[in-house]
Amino acid sequence: MSVASASVSAAREAGRTLDYLLERPRAVLATLAALQIGATAVLALSVTHNGWVWFQGGDQIWLTTQGWLLGHLELPPTEVGYLWSLVLAPIMWFTGPTYVQALPPLVVLQVLVLGPIAVGCVYGIASRIGGRLLGYWAALLWVVAPFAAIPLFVERYQERWTEHFVPQALGLTAMSDFPSTVLVLASALFLVRSLDPGRLTDAVLAGLLLGAAGGMKPPNLLMGAGAFLAYLVARRWRAGAVFGIAVTPSLLLILAWKERGLGQLPVLSLEEVRLAAGAVGAAGSAGVLALDIDRYIELDVEHWRQQMNYLREFFWSARLAQWAPFAGLLAVLRVRRGAIAALLAGWLGAFIVVKGFSVRSDIQANTFWRLLMPAWPAYLVLFASIPLLVPTLARRMGERIRPPATTPVGRRALAVTVLLTIAVPAVAIAASSPSVGPERAVIQDDAGNFILTAVEEGVELQASRAGEGVQLAWTDGGPWRANVFYRVYRAEGEDTECEHTEGSRAVYCYIRSAPVATTRDTSYLDPAALPGTTYRIGVATNWADDEEQGDVFAFSPPVTAP
């Protein structure tokens, strides 16, 4: 057999195999989801971790404590979003008040449920661009990209990527970043589907899901910029209006959530201004309501340039990373998917401008990747679309790049989504009363780093006189899902100070005692304590099981020395 005939035979066989796979999307996606679960399990076991605790690096303590309080219909200061805490609340009825106790069911939920949903959403968006074949390719990239990127970083940065970011990107934490990314992805999928004629129910579902993502983390609403551009380019005015109406109830819930807990909207600030009074120059002071945009948008161009310098320092090819989405955008436009191109460009661009230019996102400090996480699906789909730039490829693929047919979303699915994303949160927020004391939670004030922390009654502390000192002994508490250590806190007199900030309805109860010792034992002798001294035990852990780092995630109730 000649080389030419062998090549033709191999090409025909490859085509038959490809057609066989294109007819079985469920089997292919199930295989990719299983691959992702297996790869996540391998990484989870291989990187540094402490029991069920992987690197967290965010608001996991506040979010889970907030969920614990909401489960008891107490409303804490509403500094962060509400929806993830509401998801956590029923779980924490059974696990206890801390993220360490809740991690096993949370990790299982995210890896086994949300992970496969994300794979399906990436496939669905890409298949609307280049058919099932591009959908398979994009879903495969979604699964392998976190791992394939590891050798592309210089060796001294690989630990930060592999052990600090990837566990967060795969759902191995109690933070809201991964679930909110999945919600944004799902919203984008149904938005793309709503660009077809007669798909208003898909637009409703897309709006409901984006609103829910905003309820988890308000910056997720930035994807709305891409939605606006997509409907504008597609000239789907009715679908765009329906989408906006569907987002509105969640926006109102966010406002109600902030107002009930804080007494005001953070985007609005009460400022003192000086008013001129008459020709004699008399002046008075008055309060006015000002729009505090700088609180959320920090367009620091110099900071962005520094981040690109870090990208060149740590990554294999900064130019490839920077220009890939532009090439992908041209590819999507090449196959006449202008509305989807507008969605992806607006989605990614809005996050880069608002989050990438912010001083809070830093590649060297490893916060850049997490803060932009909800936009990485747009980047990946654009990257996956680059092969469509190959001349004549789209024509030769023929029907293989035609988007698969889908059915509109049913009313039952819409009703369930309204119930879960609007009705249940609204009832829970309305039924919860602002917290008024430190019985269930206190706030750590660590150099301006406020952490709402649960009071764990399972850690029972006792104090007795021992000569000139005080002997402390306490129970383990838990069960913890990791190795923990204890910090002994001491204060003269009362160790908490509760106050209302300006306009706040919920009480901020700060713990004012200071740590005097760290131990892994369940006892401690304070050699020179004064009578009336107040003690607490702080339970702490971290991914590296290092006593020098890691936040306290639970406090015992206070005990006064005899």
Side-chain angles (χ1 to χ4, degrees), residues 47 55-60 80 145-169 173 175-178 180-181 184 217-223 225-226 266-267 292-329 344-383 386 446-450 543-544 549 551:
V47 300
F55 183 86
Q56 307 279 320
D59 298 325
Q60 72 280 356
V80 297
F147 309 97
I150 295 173
L152 300 182
F153 289 98
V154 296
E155 186 175 356
R156 67 180 185 277
Y157 195 85
Q158 288 179 6
E159 179 183 346
R160 286 181 244 182
W161 174 267
T162 306
E163 299 192 0
H164 294 183
F165 171 69
V166 176
Q168 300 178 71
T173 74
M175 295 163 59
S176 61
D177 298 277
F178 180 71
S180 65
T181 298
V184 172
K217 294 186 68 176
N220 292 327
L221 295 170
L222 289 170
M223 199 273 275
V267 73
D292 190 10
I293 296 295
D294 292 340
R295 178 187 178 101
Y296 299 99
I297 300 178
E298 304 171 273
L299 300 181
D300 192 330
V301 177
E302 191 59 37
H303 177 75
W304 172 256
R305 290 174 179 168
Q306 182 60 53
Q307 299 317 301
M308 295 303 97
N309 290 335
Y310 287 145
L311 187 63
R312 283 190 291 271
E313 178 182 353
F314 298 130
F315 194 65
W316 170 66
S317 175
R319 294 300 183 197
L320 173 64
Q322 292 164 343
W323 288 102
F326 293 99
L329 190 63
L344 298 174
W347 177 6
L348 179 61
F351 271 89
I352 287 178
V353 170
V354 176
K355 289 297 184 181
F357 280 72
S358 170
V359 295
R360 295 180 179 88
S361 66
D362 193 301
I363 291 178
Q364 188 172 38
N366 210 38
T367 58
F368 180 88
W369 314 110
R370 181 176 65 83
L371 291 176
L372 270 74
M373 191 189 300
W376 292 131
Y379 183 98
L380 182 130
V381 172
L382 289 172
F383 186 91
I386 292 177
D446 181 13
N449 181 28
F450 302 106
W543 61 293
Q549 56 181 310
D551 295 314

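Small disclaimer: the values here were computed from a predicted structure and weren't measured.
- Atom-to-atom distance recorded for Arg305:CZ and Phe357:CZ is 9.0 Å, nearest 0.5 angstrom.
- When atom types are taken as modelled, the side chain of Thr162 and the backbone of Glu159 share no donor-acceptor pair closer than 3.5 angstrom.
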Go through the steps for Met373 and Phe351 under the test side-chain contact (heavy atoms from CB on, under 4.5 Å), then give the verdict. CA-CA 9 Å; Met373 191 189 300; Phe351 271 89; over 6 Å; no

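- Note: Thr367 OG1 to Arg370 CZ = 7.0 Å, rounded to the nearest 0.5 Å.
- Across every non-hydrogen atom of Gly346 and Ala225, the tightest pair is O-CB, 4.0 Å.
- In this structure a side-chain-to-backbone donor-acceptor pair under 3.5 Å is missing from Glu163 to Val47.
- Of all the heavy atoms in Pro151 and Gln158, the pair that sits closest is CA-NE2, 3.9 Å.
- Residues Ala324 and Ile386 come closest through the heavy atom pair O-CD1, 3.7 Å.
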Intermediate values then yes/no, side-chain contact (heavy atoms from CB on, under 4.5 Å), Thr173 and Phe178: CA-CA 9 Å; Thr173 74; Phe178 180 71; over 6 Å; no

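- Formation of a donor-acceptor pair under 3.5 Å by the Trp347 side chain with backbone atoms of Pro374 is found in this model.
- For Trp543 and His164, the ring centers are positioned less than 6.0 Å apart.
- In this structure, Arg160 forms no cation-pi arrangement with Phe153, as its terminal cationic atom is not both closer than 6.0 Å to the ring centre and no more than 45° off the ring axis.
- Nearest heavy atoms, Ser180 versus Asn220: CB-ND2, 3.0 Å.
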Evaluation steps, side-chain contact (heavy atoms from CB on, under 4.5 Å), between Lys217 and Met175: CA-CA 11 Å; Lys217 294 186 68 176; Met175 295 163 59; over 6 Å; no

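- Legend: residues meeting ring-ring contact (aromatic ring centres under 6.0 Å, His included) with Tyr379, ordered by chain and number and at least two apart, are Trp376.
- Side-chain atoms of Thr181 and Pro377, non-hydrogen and from C-beta on, do get closer than 4.5 Å to each other.
- To the nearest 0.5 Å, the span separating CZ on Phe368 from NZ on Lys355 amounts to 12.5 Å.
- Remark: Gln307 CD to Gln364 CD distance equals 8.5 Å, nearest 0.5 Å.
- Heavy-atom contacts from other residues, nucleotides or ligands closer than 6.0 Å to CD of Gln549 number more than 12.
- Remark: Phe383 CZ to Leu329 CG distance equals 15.0 Å, nearest 0.5 Å.
- Taking both residues in full, the closest heavy atoms of Leu372 and Gly356 are given as CD1-N, 3.7 Å, listed atom of the first, atom of the second, then distance.
- Checked by atom type and distance alone, the side chain of Tyr310 never pairs as donor or acceptor with a backbone atom of Ala365 at under 3.5 Å.
- Two residues are said to be in side-chain contact when any heavy atoms from C-beta on lie closer than 4.5 Å; Asn366 and Trp161 fail this criterion.
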Pair Gln168-Gln60, side-chain contact (heavy atoms from CB on, under 4.5 Å): steps then yes or no: CA-CA 11 Å; Gln168 300 178 71; Gln60 72 280 356; over 6 Å; no

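- For the atom pair Leu311 CG and Gln306 CD, the distance stands at 11.5 Å (nearest 0.5 Å).
- With contacts defined as side-chain heavy-atom distances shorter than 4.5 Å, the pair His303/Ser358 does not qualify.
- Side-chain contact between Leu348 and Pro325 is present, with at least one heavy-atom pair separated by less than 4.5 Å.
- In terms of heavy-atom proximity, Ala148 sits nearest to Leu152 at O-CG, 3.8 Å.
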